[in-house]
Amino acid sequence: MKFIHISDIHLTAPGAPAGAVDPLARFKLALADVAENHADAARVIITGDLTHWGEVATYQLLKEVLEDFPLPVRLLLGNHDNRANFCSVFPDHPVDENGYVNHAEDVDAVRFIYLDTLGERTHAGHFGADRRAWLENELTSCTRARIFLHHNPMSVALPAEDPIAVIAEDQIELHALLRQYADRIDYFHFGHVHTPVHGVFEGIPFAAVPSTGNQTIPDLSEPKWLKGGALDPAYFVVLAEGRNTLMHQIPFAFSGEVGLFGIEWEDALEVKD
């Protein structure tokens, strides 16, 4: 199974910048690259910060951009999003019984679980008792799962980033839930940090994908300020077979010279025009 992980597209009005980049132009480049090179992907999953300011007009723009896209797309909410505005533009999008944009589906016998970690007027993530109950029900009713969310649910050892992870009081019970069902969770995938981060937590492997907009430059000592800039963006191609997972980071906006290099010993140093 192949799927695409994109995050933190931060759409604004057409032509309006977010930081030092045009987020709409970069998002369109990402979609075009996926459509050209990965048309066999089962899903394209965008893990939040769909917009930069959460306006209705920007969600309408997102809907228009995705209208003719040939692959199935799944949308999650991040801290820059607005749940009410999102739902007004995507009224048929599934929500749970409490109105959170939590939803799930089975893909090749694996439960893909999409979490809503959006809080109100805060960059930190929230996942309280009502949302955890929904997640536990999904985990109880499946044998294998992948979890997708916007916020990192634990520390990633970036002192300026960790205070805007899922809040500490919600992490405690969420971590307990992850431990309880670790044997059936193949992986969890998130965005938010705008840089690739990989590891294992509570026995479960995880990966954070770069943004399609501005990137974070990891600083393991700076306690207050997030550092970042208009570095090359990327998305992940995820190849999953059984409990095995392989990821490729795709630098879709690179515009420099690209050479073709032979793999035989005799031609390894030659460049093909």
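This is a predicted model, so every value here is computed, not measured.
- Without hydrogens or angle criteria, Asp8 side chain to His192 main chain gives a donor-acceptor distance under 3.5 Å.
- Closest non-hydrogen pair, Gly99 versus Arg83, comes out as O-CD, 3.5 Å.
- The hydrophobic clustering, which links ILVMFWY residues whose side-chain heavy atoms are closer than 4.5 Å, places Phe206 and Leu174 together.
- With hydrogens and angles disregarded, no donor-acceptor distance shorter than 3.5 Å links the side chain of Asn98 to the backbone of Tyr100.
- When the options Asp49, Leu24, Leu50 are evaluated for a side-chain contact (heavy atoms from CB on, under 4.5 Å) with Leu11, the one that passes is Leu24.
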- Working for side-chain contact (heavy atoms from CB on, under 4.5 Å), residues Val238 and Tyr187: CA-CA 11 Å; Val238 184; Tyr187 232 93; over 6 Å; no
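- Asn79 places no side-chain N or O within 3.5 Å of a backbone atom of Ala124 that could act as its donor or acceptor partner.
- Summarising the geometry of Leu118 relative to Asp116, their closest heavy-atom pair is N-OD1, 3.0 Å, with the distance given to 0.1 Å.
- Contact detail for Gly191 and Thr47: the closest heavy-atom pair is N-OG1, 3.7 Å.
- Summarising the local packing, NZ of Lys2 is surrounded by more than 12 heavy atoms from other residues, nucleotides or ligands at distances under 6.0 Å.
- Counting only heavy atoms from C-beta outward, the side chains of Glu136 and Gln180 approach each other to under 4.5 Å.
- In this structure, the separation between CD1 on Ile46 and CG on Leu31 is 6.5 Å, given to the nearest 0.5 Å.
- In this structure, the side chains of Thr51 and Phe86 stay at 4.5 Å or more apart for every pair of heavy atoms.
- Side-chain contact between Leu29 and Asp33: absent, with no pair of heavy atoms (C-beta onward) separated by less than 4.5 Å.
- Between Phe148 and His189, the two ring planes are parallel [angle under 30°; tilted spans 30° to 60°].
- For the pair Tyr235/Ile9, no side-chain contact is recorded, criterion being any heavy-atom separation below 4.5 Å from C-beta on.
- Expressed to the nearest 0.5 Å, how far CZ of Arg146 lies from CE of Met1 amounts to 5.5 Å.
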- Check against side-chain contact (heavy atoms from CB on, under 4.5 Å), Asn152 and Asp162: CA-CA 8 Å; Asn152 45 306; Asp162 287 339; 3.9 Å; yes
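- Looking only at atom types and distance, the side chain of His52 has no donor-acceptor partner in the side chain of Thr58 under 3.5 Å away.
- With sequence neighbours left out, the side chain to side chain contact (heavy atoms under 4.5 Å, CB included) criterion links Gln249 to Pro196, Pro210, Ala234, Phe236.
- At a threshold of 4.5 Å between non-hydrogen side-chain atoms, the residues Cys87 and Val95 count as touching.
- Between the side chains of Asn214 and His194, no donor-acceptor pair of N or O atoms lies under 3.5 Å.
- With hydrophobic clusters built from ILVMFWY side chains whose heavy atoms lie under 4.5 angstrom apart, Ile113 does not share a cluster with Leu76.
- Rounding to the nearest 0.5 Å places CG of Leu158 at 8.5 Å from CG of Leu226.
- Looking at His150 and Leu77, their side chains never come closer than 4.5 Å, going by heavy atoms from C-beta outward.
- No more than 12 heavy atoms of other residues, nucleotides or ligands lie within 6.0 Å of CD in Glu120, so this atom counts as exposed by the packing criterion.
- Between Gly54 and Asn85 the shortest heavy-atom distance is O-ND2, 2.8 Å.
- For Ala145 against Cys142, the heavy-atom pair with the smallest separation is CB-SG, 3.8 Å.
- Judged by distance alone, with hydrogens and angles left aside, the side-chain atoms of Gln171 form a donor-acceptor pair with the main-chain N or O of Val166 at under 3.5 Å.
- In the hydrophobic clustering of this structure, Tyr114 does not group with Leu135; members are Ile, Leu, Val, Met, Phe, Trp, Tyr whose side-chain heavy atoms approach within less than 4.5 Å, directly or through other members.
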- Please report the C-alpha distance between Phe27 and His10 in whole Å, then the side-chain angles of each, then the deciding distance to 0.1 Å, and finally whether the ring-ring contact (aromatic ring centres under 6.0 Å, His included) criterion is met. CA-CA 9 Å; Phe27 181 50; His10 285 267; over 10 Å; no
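- Under the 3.5 Å distance criterion, with hydrogens and angles disregarded, no donor-acceptor pair is assigned to the side chains of His38 and His248.
- Arg144 is linked by a side chain to side chain contact (heavy atoms under 4.5 Å, CB included) to Val110, Asp186, Arg243, counting only residues two or more places apart in sequence or in another chain.
- The cluster map of Ile, Leu, Val, Met, Phe, Trp and Tyr, joined by side-chain heavy atoms under 4.5 Å apart, puts Phe190 and Ile45 in different clusters.
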- Item | Evaluation steps, side-chain contact (heavy atoms from CB on, under 4.5 Å), between Val107 and Phe3 | CA-CA 10 Å; Val107 183; Phe3 64 88; over 6 Å; no
- Given side-chain contact (heavy atoms from CB on, under 4.5 Å), test Val193 with Val156 step by step and report yes or no. CA-CA 9 Å; Val193 294; Val156 290; 4.2 Å; yes
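- The closest donor-acceptor contact from the side chain of Glu222 to the backbone of Trp225 lies under 3.5 Å.
- With hydrogens and angles ignored, the 3.5 Å screen pairs a side-chain donor or acceptor of Lys63 with a backbone N or O of Val89.
- Hydrophobic clustering of Ile, Leu, Val, Met, Phe, Trp and Tyr side chains at less than 4.5 Å, counting indirect connections, unites Leu239 with Leu71.
- Proximity of a side-chain donor or acceptor of His151 to a complementary backbone N or O of His123 within less than 3.5 Å is detected.
- Using a 4.0 Å cut-off between charged side-chain N and carboxylate O, Glu138 and Arg111 make a salt bridge.
- Here the CG atom belonging to Asp232 is positioned 13.0 Å from the CD1 atom belonging to Ile250, to the nearest 0.5 angstrom.
- One distance of note links OG1 of Thr12 with NE2 of His80; it measures 12.0 Å at 0.5 Å rounding.
- Considering only heavy atoms from C-beta on, Pro153 stays 4.5 Å or farther from Phe127 through its side chain.
- Leu75 places a side-chain heavy atom less than 4.5 Å from the side chain of Leu62.
- When each of Thr140, Ile147, Ile204 is tested with Tyr181 by the rule side-chain contact (heavy atoms from CB on, under 4.5 Å), just one qualifies, namely Thr140.
- When atom types are taken as modelled, the side chain of Thr216 and the backbone of Pro218 share no donor-acceptor pair closer than 3.5 angstrom.
- Scanning all heavy atoms of the two residues, the minimum distance from Ala42 to Pro72 falls at O-CG, 3.1 Å.
- To the nearest 0.5 Å, atom NZ of residue Lys227 and atom CG of residue Asp219 are 4.0 Å apart.
- Counting only distance, with no hydrogens or angles, the side chain of Tyr59 and the backbone of Ser88 share no donor-acceptor pair below 3.5 Å.
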